[in-house]
There are 2 protein chains.
Amino acid sequence: MQLSRRADYGIRLLLELSMLPEGSRTSTEEIANKQRIPITFLSKIARQLAQAGLVRAYPGLGGGLELGRDPRSLTMLDAIQALEGPIAIARCTLHPHECPRSAFCPMHQVWKKMEAQMVDELSRITFDQLAQAETRAIAG
Amino acid sequence: MQLSRRADYGIRLLLELSMLPEGSRTSTEEIANKQRIPITFLSKIARQLAQAGLVRAYPGLGGGLELGRDPRSLTMLDAIQALEGPIAIARCTLHPHECPRSAFCPMHQVWKKMEAQMVDELSRITFDQLAQAETRAIAG
DNA sequence: CGAAACCCCGACTATTATACTCCGAAATGC
DNA sequence: GCATTTCGGAGTATAATAGTCGGGGTTTCG
Ligand code: FES
Ligand code: FES
């Protein structure tokens with residue numbers, strides 16, 4: 001029941017990018033140093049986020065990473081889904097047909113409801129909000 | 001972000017016990033067969049639940065398992081906490097001091113809130129409700 | 001008493017998921 | 001053409017999960 005490091009790191013990366021002035025870039029290495037994340041691992045995560053379209057990556061001198069979407073509409077849900085796949089507490093909600101109990105299982109809807117709540121909550125949190133909150137916290 | 005099999009199996013065990021007529025018992029083996037769970041594994045889980053007081057176990061002929069608490073006040077939260085430990089989405093909410101970012105981390109309260117929601121939701125679901133729902137579903 | 005039906009306990013193994021590492025290649029800009 | 005940076009995939013290490021095994025107890029019944 002815990003978020004993986006992959007997700008943790010990926011979220012921090014997105015947050016760093018969200019705090020950047022509009023239009024500027026930074027390298028994976030810089031973020032890795034700042035956040036104390038193994039750089040090789042982080043670069044892999046960055047690629048994953050690039051493939052999902054959440055960041056844009058430019059190779060070469062002066063290249064680096066920038067956010068692929070407007071931070072005001074980029075949500076925690078987008079991030080977690082890109083990093084960890086769909087929100088699914090129980091195996092059964094993802095593959096109901098594989099469970100012989102699914103026809104009469106009373107837990108099924110419990111999980112479904114909880115997942116829906118999580119999705120709802122996560123989709124409310126934008127990286128723009130997070131970035132502003134962090135900026136304020138550092139300043140204050 | 002997924003429930004372990006341990007929790008899955010444990011919950012099913014508790015549900016089976018909740019569906020039993022008041023005061024009667026059943027053996028670990030019966031539940032294992034019914035639910036297609038490896039019996040050696042399930043017996044280990046049963047022990048864990050016994051130690052947490054959620055079930056009572058009696059050795060000997062005519063022994064077996066019975067619920068350790070009133071199913072009307074036994075909640076899904078109790079079960080999951082006994083089986084998986086505390087509800088904690090992020091490492092940081094459990095061990096804030098270990099994270100150098102905790103002072104200004106904007107995600108921290110997001111996780112906290114989600115955990116609180118989960119706790120709240122899970123604590124509303126009693127095994128009595130679940131047992132009734134399943135009984136109805138099988139009958140209907 | 002002795003056998004059968006149960007659970008207790010701890011150590012062990014197997015399997016899978018996670019968390020990384022490495023390296024050659026390709027793009028980019030000076 | 002050289003430094004910088006991402007890309008891609010293969011490989012390894014570590015840890016968590018899932019499951020096994022064998023010996024030992026307790027209780028009930030005949
Ligand atoms: S649907 Fe499979 S255990 Fe509930
Ligand atoms: S408190 Fe550690 S990353 Fe937020």
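Lettering follows sequence order; numbering is per chain, from 1.
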Chemist: Reading nucleotides 13-23 of chain D 5' to 3', which nucleotides get B (base under 4.0 Å from a protein heavy atom), which S (sugar-phosphate only), which -?
Modeler: -----SBB---
Chemist: Under the side-chain contact (heavy atoms from CB on, under 4.5 Å) rule, what do A/Thr28 and A/Ile45 come out as? Steps first, then yes or no, please.
Modeler: CA-CA 10 Å; A/Thr28 306; A/Ile45 295 169; over 6 Å; no
Chemist: Taking all non-hydrogen atoms of both residues into account, name the closest pair between B/Ile11 and B/Phe127 and its distance.
Modeler: O-CE2, 3.7 Å
Chemist: Any donor-acceptor pair under 3.5 Å linking the side-chain atoms of A/Glu16 with those of A/Thr26?
Modeler: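 A/Thr26 vs A/Glu16: no donor-acceptor pair found between side chains.
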Chemist: Return the value, rounded to whole Å, for the distance between atom CD of A/Glu66 and atom P of D/dT5.
Modeler: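 Taking atom P of D/dT5 as the reference, CD of A/Glu66 is at 15 Å.
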Chemist: What's touching nucleotides 25-30 of chain C from the protein side, N or O pairs under 3.5 Å?
Modeler:
| residue | atom | partner | partner atom | Å |
| --- | --- | --- | --- | --- |
| C/dT28 | O2 | A/Leu61 | N | 3.0 |

Chemist: Would one find a side-chain N or O of B/Gln51 under 4.0 angstrom from OP1 or OP2 of C/dC9?
Modeler: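 Yes, such a contact exists.
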Chemist: Rounded to whole angstrom units, what separation is found between the CZ atom of B/Arg25 and the P atom of C/dA5?
Modeler: 17 Å
Chemist: Could you tell me the separation between the CD atom of A/Glu29 and the P atom of C/dT21, rounded to a whole number of Å?
Modeler: 14 Å
Chemist: Should B/Ser27 be listed as having a side-chain N or O under 4.0 Å from OP1 or OP2 of C/dA5?
Modeler: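 The answer is no; no side-chain N or O of B/Ser27 sits under 4.0 Å from OP1 or OP2.
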Chemist: Identify whether the distance between the nearest side-chain nitrogen and carboxylate oxygen of A/Arg91 and A/Glu98 falls below 4.0 Å.
Modeler: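 Salt bridge: no.
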Chemist: Mind checking if A/Gln2 touches a base, just sugar-phosphate, or nothing, with heavy atoms under 4.0 Å?
Modeler: nothing
Chemist: In whole angstrom, what separates A/Leu83's CG from C/dA19's C1'?
Modeler: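 Answer to the nearest Å: 14 Å.
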Chemist: Between B/Leu65 (CG) and D/dT26 (P), how many Å, whole number?
Modeler: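 Whole-Å distance recorded here is 18 Å.
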Chemist: Taking side chain as C-beta onward, heavy atoms only, is B/Val110 less than 4.5 Å from A/Glu121?
Modeler: no
Chemist: Would you say A/Ser102's side chain and A/Pro96's backbone share a donor-acceptor pair under 3.5 angstrom?
Modeler: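 Side chain of A/Ser102 to backbone of A/Pro96, a donor-acceptor pair under 3.5 Å: yes, one is there.
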Chemist: For the residue pair B/Ile80 and B/Leu3, establish whether any side-chain heavy-atom pair is separated by less than 4.5 Å.
Modeler: yes
Chemist: What pairs with B/Arg69 under salt bridge (Lys or Arg N to Asp or Glu O under 4.0 Å), at least two apart in sequence or on another chain?
Modeler: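 Counting only residues at least two positions away or on another chain, B/Arg69 forms a salt bridge (Lys or Arg N to Asp or Glu O under 4.0 Å) with B/Asp78.
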Chemist: Is the closest basic N to carboxylate O distance between A/Arg12 and A/Glu134 below 4.0 Å?
Modeler: no
